[in-house]
2 protein chains.
Amino acid sequence: MSDLLERLRGRGWRMTAQRRVVAEVLDGDHVHLTADEVHSRAVAKLPEISRATVYNTLGELVSLGEVLEVATDKRAKRYDPNAHRPHHHLVCAQCGAIRDVHPSGNPLADLPDSERFGFTVSDVEVTYRGVCPNCAAA
Amino acid sequence: MSDLLERLRGRGWRMTAQRRVVAEVLDGDHVHLTADEVHSRAVAKLPEISRATVYNTLGELVSLGEVLEVATDKRAKRYDPNAHRPHHHLVCAQCGAIRDVHPSGNPLADLPDSERFGFTVSDVEVTYRGVCPNCAAA
DNA sequence: ACTTGACTTAGACATTGTCTAATGTAGGAT
DNA sequence: ATCCTACATTAGACAATGTCTAAGTCAAGT
């Protein structure tokens, strides 16, 4: 994730300890934390960081296109740092575990003009739901 | 939607004025109300209905498979009475308008075994995003 | 018409997210 | 190296959405 910090600096982002910590927390694959989880982990590294800053920083990262907001779960938003490789999500209906997946085929192409109602369609979000091996075993 | 009331009675649902009103409010195509919107409209027909009852009733309808919860918007859950014809959603990124759509192709078939991580995948939810004709004109 | 268990209610509480005014600080200017 | 200042951070109030509880009410079978 050091590329991220690098890129952001290049875009004129002022670098602060708080922002560094948030970016660190978001590092990795198959990472889909809620804002609150990001905050907890950030507090572990920098105890005085505030909730508002975490929300602000996440919002900025989303605006900059560096992090995606995903709504896999119907409670809190989750933040996915894997914004530069398009992908979709596979969610366990029981425990909520989330994996990134890469389906073949392009769902955008599957929406005929007659089903577009005059919209300019630019994006598609796919969420697969099922039961993960762990929960199936239990 | 009278079939719905019929079906529910058949399943041993106790019929009350409150439940009837919630079912009536949810009638129609391209209906995707938040719990709060359902509540407002229900109050118009039955002023003393409480928020808790609306939430309870919506939850029951979802459990019974008569209504779907959709997370198109990242704020409140929305409730879609069109549960018996599989479909996906097309959302305007600006005004939030939602249409039901029926893509060709089956996205479930597009997820190869190698991308299933041992999950038993049972369902898929697709959300297309774009700009509706109204917002494009503005 | 009774009775009873399921339904509804008001409102407290919980969770998630947003906003503000005061304070602190990164990084360019001197 | 120090100073400035615009931008960032903070605590906490507030807002929106959702959940729970205890007490009262009522649908529907008898």
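So that the names make sense, note that chain A is the first sequence line, chain B the second, and so on, each numbered from 1.
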Toward the 5' end of DNA chain C, by each residue's nearest nucleotide, E48(B) or R75(B):
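Here E48(B) is the residue nearer the 5' end.
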R14(A) vs V54(B), nearer the 5' end of DNA chain C by closest nucleotide
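Taking each residue's closest nucleotide, the earlier one in sequence belongs to V54(B).
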Closest nucleotide of DNA chain D for I49(A) versus for T34(B): which of these residues is on the 5' side?
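Per heavy-atom nearest nucleotide, the more 5' residue is I49(A).
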Cluster overlap L33(B) with V70(B), hydrophobic side-chain contacts below 4.5 Å
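No: no chain of side-chain contacts under 4.5 Å links L33(B) to V70(B).
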Is there a path of hydrophobic side-chain contacts, each under 4.5 Å between heavy atoms, that joins V101(B) and V31(B)?
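Different clusters: V101(B) never reaches V31(B) through Ile, Leu, Val, Met, Phe, Trp or Tyr contacts under 4.5 Å.
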Does the pair H39(B) and R51(B) meet the rule for a side chain to side chain donor-acceptor pair (under 3.5 Å), with working shown?
CA-CA 6 Å; H39(B) 180 236; R51(B) 240 159 44 87; 5.8 Å; no
Hey, could you give me the CG/NE2 distance between D110(B) and H88(A), rounded to the nearest 0.5 Å?
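The CG atom of D110(B) sits 9.5 Å away from the NE2 atom of H88(A).
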[X], nearest nucleotide to its side chain (from [options]):
X	options	value
S50(B)	dA10(C), dT16(C), dA12(C)	dA10(C)
A76(A)	dT19(D), dT16(C), dA10(C)	dT16(C)
A52(A)	dG17(C), dT10(D), dG11(C)	dT10(D)

What is the distance, rounded to the nearest whole Å, between atom [atom1] of [X] and atom [atom2] of [N]?
X	N	atom1	atom2	answer
N56(A)	dT18(C)	CG	C1'	9 Å
K77(B)	dT15(C)	NZ	C1'	12 Å
R19(B)	dA27(D)	CZ	C1'	10 Å
L46(B)	dT9(C)	CG	P	7 Å
R9(A)	dC7(D)	CZ	P	18 Å
H39(B)	dG11(C)	NE2	C1'	13 Å
L33(B)	dG18(D)	CG	P	13 Å
L58(B)	dG18(D)	CG	P	10 Å

Under 4.0 Å between a side-chain N/O of [X] and OP1 or OP2 of [N], yes or no?
X	N	result
T16(A)	dT9(D)	yes
T53(B)	dT9(C)	yes
R51(B)	dT9(C)	no
Q18(A)	dG24(C)	no
Y55(A)	dT18(C)	no

Between H87(A) and D80(A), do the side chains contain an N or O donor and an N or O acceptor separated by less than 3.5 Å?
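Yes, side-chain donor-acceptor contact under 3.5 Å.
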